Amino acid sequence: MTIVYEARTGRHGVPLIDGVDKVTGRALYTADLDRAGALVGVILRSPVAHAEIIRVDTSKARALDGVAAVLTGADCRVAYGVLPIAMNEYPLARDRVRYRGEPVAAVAAIDETTAQRALELIEIEYRELPAYFESTDARAPDAVLLHDNKPGNVEREVHHDFGDLDAGFAAADLVREHRVCCAEINHAQIEPHACLAEFDPSSGRLTVQDVSQVVYYLHLMLARCLEMDEAQIRVIKPFVGGGFGARVEVLNFEIVTAMLARAAGGKVFMQLTREETFLTHRSRPQTDVVLKLGMRKDGRFTACACEVTQRGGAYAGYGVVTILYAGALLQGIYDIPAIKYDGYRVYANLPPCGAMRGHGGVNTRFAFETLVDKMARELGLDPFAVRRANLLRAPTQTMNGLMVQSYGLAECLDAVERASGWKERFGRMPAGKALGMACSHYVSGSAKPIHFTGEPHAVIHLKLDHDGGVTALTGAADIGQGSSTMVAIAVAETLGVGLDRIRVVSSDTAITPKDNGAYSSRITFMVGNAAIAAAQNLKMLLVEAAAKKLESAPEEIVCDGGVFRVGQGGQAALSFKEVVSAALIDEGAISVKGSFTCPVEFQGGKHRGGAVGSTMGFSYAAQVVETSVDDATGQVSVDKVWVALDCGRAINPLAVAGQIEGSVWMGMGQALCEETRYLDGLAAHASFLDYRMPTIVESPAIEAFIVESKDPNGPFGAKEASEGALAGFPPALVSAIGHAIGVDLLELPATPDRLLEAIGKRRQKAAAAARKQRAAS
Amino acid sequence: MHGSARPRKRLLRVEINGRWREDAVLDGALLVDYLRETVRLTSVKTGCDGGECGACTVLLDGVAVSACLTLAVRCEGRSVETVEGLLKQGRPSRLQQAFHERLGAQCGFCTPGMIMASEALLRRNPHPSDDEIRAALAGNLCRCTGYVKIIESVKAASEASS
């Protein structure tokens with residue numbers, strides 16, 4: 001294995017194929033589209049956290065001049081949700097509201113002022129119910145149920161038990177347990193949610209342009225909720241200003257905008273405010289983790305027991321998958337002989353949580369890695385040595401049925417240990433400064449998709465015509481991560497032509513083949529493999545045409561740099577354009593496809609929920625964080641990060657480095673300052689001033705290293721690169737804080753108030769111990 | 001706005017990306033809405049509910065301002081520049097090219113504002129240090145890059161200009 005990218009040496013890779021559009025302002029996002037003649041859509045939201053809706057009167061709003069459509073829950077007959085097993089949400093609430101800010105009515109009008117005035121004229125009477133904002137309150141025996149079919153307000157319990165737990169703990173030299181609490185956070189992509197929907201009453205067709213990460217799900221849910229034939233719907237993704245999971249699920253405003261367009265018989269544009277974008281939420285839940293670990297003197301893990309409680313918000317959303325991921329991703333990174341997992345996904349009267357970068361695994365990884373660090377300290381072991389004592393050996397299968405085919409964690413550890421000067425500096429830093437480290441991993445796409453149909457996991461179409469240009473049609477959503485560039489590189493490299501010959505058209509359901517979109521870091525692995533397969537099919541046609549023209553056999557033809565020859569260095573040669581012309585003679589314009597399917601043995605264990613966590617390749621990361629802590633003010637700053645990621649092979653090292661830096665930094669936001677706050681269910685964080693993300697001023701240098709383990713099934717050996725490094729940051733920072741000032745923080749984020757409280761507790765404890773000692777002497 | 005009096009409009013004369021133009025604008029119209037809706041310069045983004053994210057950063061007489069906190073009528077007789085105005089014969093400027101080549105833009109939504117704030121910095125300080133870049137871009141939020149490659153992009157553009 002080799003390291004192919006070092007931040008110090010800089011440029012290596014291909015800029016994004018749509019990068020010039022972004023730096024010149026040409027890139028059009030949903031809100032930038034031509035919306036001449038469009039009505040303005042707005043949403044009325046519940047002012048209470050939990051209530052029955054007992055009366056709705058929209059007559060005054062409907063009577064207002066300039067109002068084209070008014071909708072309420074009564075117009076929403078069909079429930080939706082991202083998981084087929086848990087669709088319990090309506091685009092507009094029916095009969096009952098379950099969180100403050102839940103959509104209850106919507107208006108389309110000629111302008112914003114009229115639309116807002118119409119909202120004020122809608123009368124809704126509520127009968128309030130008890131509301132629960134913490135998991136423990138929602139689970140209390142006498143709590144009113146948010147959903148009648150879920151006793152105890154527990155959406156899903158998970159109990160998984162692998163290996164001999166008792167024997168594992170008995171074999172340990174040290175057993176420790178701690179409880180951590182991680183605050184709820186938000187994706188906070190900079191582009192607010194927006195949707196432009198057009199319904200043509202004559203044809204009965206609906207076209208929706210929208211910020212979605214998964215246009216296929218949106219297509220499905222629009223057909224479901226509007227009770228339309230899927231064939232009458234077209235969904236197009238313009239440029240999208242970030243996702244991070246916020247736009248994987250279909251969101252209420254998207255369906256509402258489409259319903260308004262149909263009701264008004266025309267075009268409706270809706271842009272949510274930043275506050276509404278926060279309320280739409282679907283992000284990482286507040287999570288309590290109780291984790292117990294057994295360790296031998298040599299650092300070997302013997303057993304792990306983990307209990308996770310996630311406060312999931314008012315509706316199911318992705319919840320079942322998130323609570324399963326939290327347990328499944330305890331595995332696949334280290335060799336642990338026994339693992340028990342108990343998970344509880346709880347309903348509460350808050351905006352629904354969902355998937356966010358590092359889905360499900362981040363908070364358990366925080367609990368695990370920080371406990372490892374504390375136990376290593378207690379046993380006098382180096383944190384790196386403990387990780388090295390527990391490495392997997394690929395290929396292997398975990399106890400819960402996950403396949404590990406490539407594994408570069410050892411090289412990641414070596415890279416960051418060396419680059420950070422760990423051996424020389426760890427434990428020898430000035431007061432208030434320290435290093436901390438942690439490891440993490442993530443899936444390269446879920447091997448069993450949520451909407452399982454039996455179809456291939458990815459399909460790509462390639463079109464080649466008289467101009468000699470190759471157009472790749474893909475449903476994979478480029479949301480800034482560079483997936484269209486990856487597709488172009490995969491096709492160009494396989495065909496042996498320059499990137500300038502390739503165009504990529506992404507995410508238009510009338511044109512591009514169905515794709516499961518941008519979630520669980522699936523695109524590089526699955527769509528990349530499909531792109532290679534398609535390009536190989538196209539190349540075969542070209543080679544056959546070249547052979548015919550050169551009066552040779554296809555197996556004799558060598559294609560290099562876009563030139564086709566008979567044999568290596570052969571005299572007779574055809575240019576790419578000449579071969580294209582020859583290939584078109586019999587059949588005209590060429591269309592080929594390529595597909596990729598994850599074999600069934602990769603689709604997870606046979607136990608209930610065993611498909612979650614299943615993947616064809618895990619990425620692995622190790623990182624070292626250097627921090628300075630002021631124990632008088634509780635202020636934590638991050639001075640430097642060294643991170644190494646095993647992404648199998650970097651198809652585009654520049655983009656991979658960008659993903660590593662971005663994911664580490666997002667982990668830093670969660671670790672340092674980001675959290676949502678609710679006051680009686682009212683979102684008190686719903687602006688960028690109140691939801692504090694790190695600015696450029698607080699953001700450190702991040703030195704990224706790419707490790708290539710060459711996955712046997714990945715496209716050119718590649719695996720994912722966008723999520724694996726995120727989960728390591730919070731534990732690395734909190735461990736560093738522990739080494740800097742001797743305080744073990746058990747909560748995220750590490751804000752000054754939390755840190756001062758922990759410092760105060762430690763001082764009280766020390767004082768009590770001193771008193772006791774004095775009394776004894 | 002709900003009163004019966006017709007909202008007052010006045011004629012605004014302003015130089016946008018080197019061209020003078022005149023438009024009737026409401027007294028209360030924000031520069032961001034005027035640029036996006038009337039002039040159709042959609043590079044000027046709205047990312048927040050006012051003054052939080054910097055995505056609408058433009059240059060007003062060469063100074064970086066948030067277009068969402070600026071009244072359009074305040075620009076009377078003045079010069080406004082957006083990222084579209086940095087192009088020379090359709091080609092990206094050195095700074096734009098640096099953001100492209102160094103991956104200073106991922107999703108690209110904050111990018112026009114980020115580039116305009118950087119442009120203002122480089123005009124007054126052609127060779128800024130990392131900390132000077134951080135100070136100048138402190139009001140511009142990016143959620144994709146972790147800012148590493150944004151700093152690299154600005155540095156690369158400043159080095160190329162030496």
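This is a predicted model, so every value here is computed, not measured.
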Counting only heavy atoms closer than 4.5 Å, note whether [X] contacts chain B via side chain, backbone, both or neither.
X	result
I17(A)	neither
V240(A)	backbone
A188(A)	both
A27(A)	backbone
E191(A)	both
Q659(A)	both
I479(A)	backbone
L28(A)	side chain
Y691(A)	side chain

Is it true that R36(B) and D32(A) have a side-chain N and a carboxylate O under 4.0 angstrom from each other?
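Yes, this pair counts.
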Whether E661(A) and K149(B) form a salt bridge (side-chain N of Lys/Arg under 4.0 Å from carboxylate O of Asp/Glu) is what I want to check.
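Answer for the salt bridge query: yes.
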Close contacts, residues 105-119 of chain B versus chain A, judged by heavy atoms under 4.5 Å
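So far as heavy atoms go, A105(B), Q106(B), C107(B), G108(B), F109(B), T111(B), P112(B), I115(B) are the residues that approach chain A to under 4.5 Å.
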Quick check: under 4.5 Å, non-hydrogen atoms only, which of residues 139-146 of chain B neighbour chain A?
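Hits under 4.5 Å: L141(B), C142(B), R143(B), C144(B), T145(B), G146(B).
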Around [X], counting heavy atoms of other residues, nucleotides and ligands shown, do more than 12 lie under 6.0 Å from its [atom1]?
X	atom1	answer
R19(B)	CZ	no
R91(B)	CZ	no
R74(B)	CZ	no

I need the residue from M668(A), R26(A), H187(A) with the largest number of non-hydrogen atom pairs under 4.5 Å to chain B.
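Heavy-atom pair counts peak at H187(A).
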Distance (rounded to the nearest 0.5 Å) between [X] [atom1] and [Y] [atom2]:
X	Y	atom1	atom2	answer
T485(A)	L103(B)	OG1	CG	9.0 Å
I696(A)	D131(B)	CD1	CG	10.5 Å
L654(A)	R102(B)	CG	CZ	9.0 Å
D18(A)	H100(B)	CG	NE2	9.0 Å
L137(B)	S699(A)	CG	OG	11.0 Å

In terms of heavy-atom pairs under 4.5 Å, which option from V44(B), L41(B), V83(B) contacts chain A the most?
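Maximum pair count with chain A is reached by V83(B).
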Could you tell me which of V148(B), L86(B), T46(B) has the largest number of non-hydrogen atom pairs under 4.5 Å with chain A?
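Most pairs with chain A among the choices: V148(B).
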Can you check whether T695(A)'s main-chain N or O pairs, donor with acceptor, with R134(B)'s side chain at less than 3.5 Å?
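A pair under 3.5 Å: no.
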Is there a donor-acceptor pair under 3.5 Å between the side chain of D49(B) and the backbone N or O of S687(A)?
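Such a contact is absent between D49(B) side chain and S687(A) backbone.
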Proximal component of I151(B), with respect to chain A [non-hydrogen, under 4.5 Å]:
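Contact with chain A: side chain only.
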For L87(B), which atoms come within 4.5 Å of any heavy atom of chain A: side chain, backbone, both, or neither?
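Contact with chain A involves the side chain of L87(B) alone.
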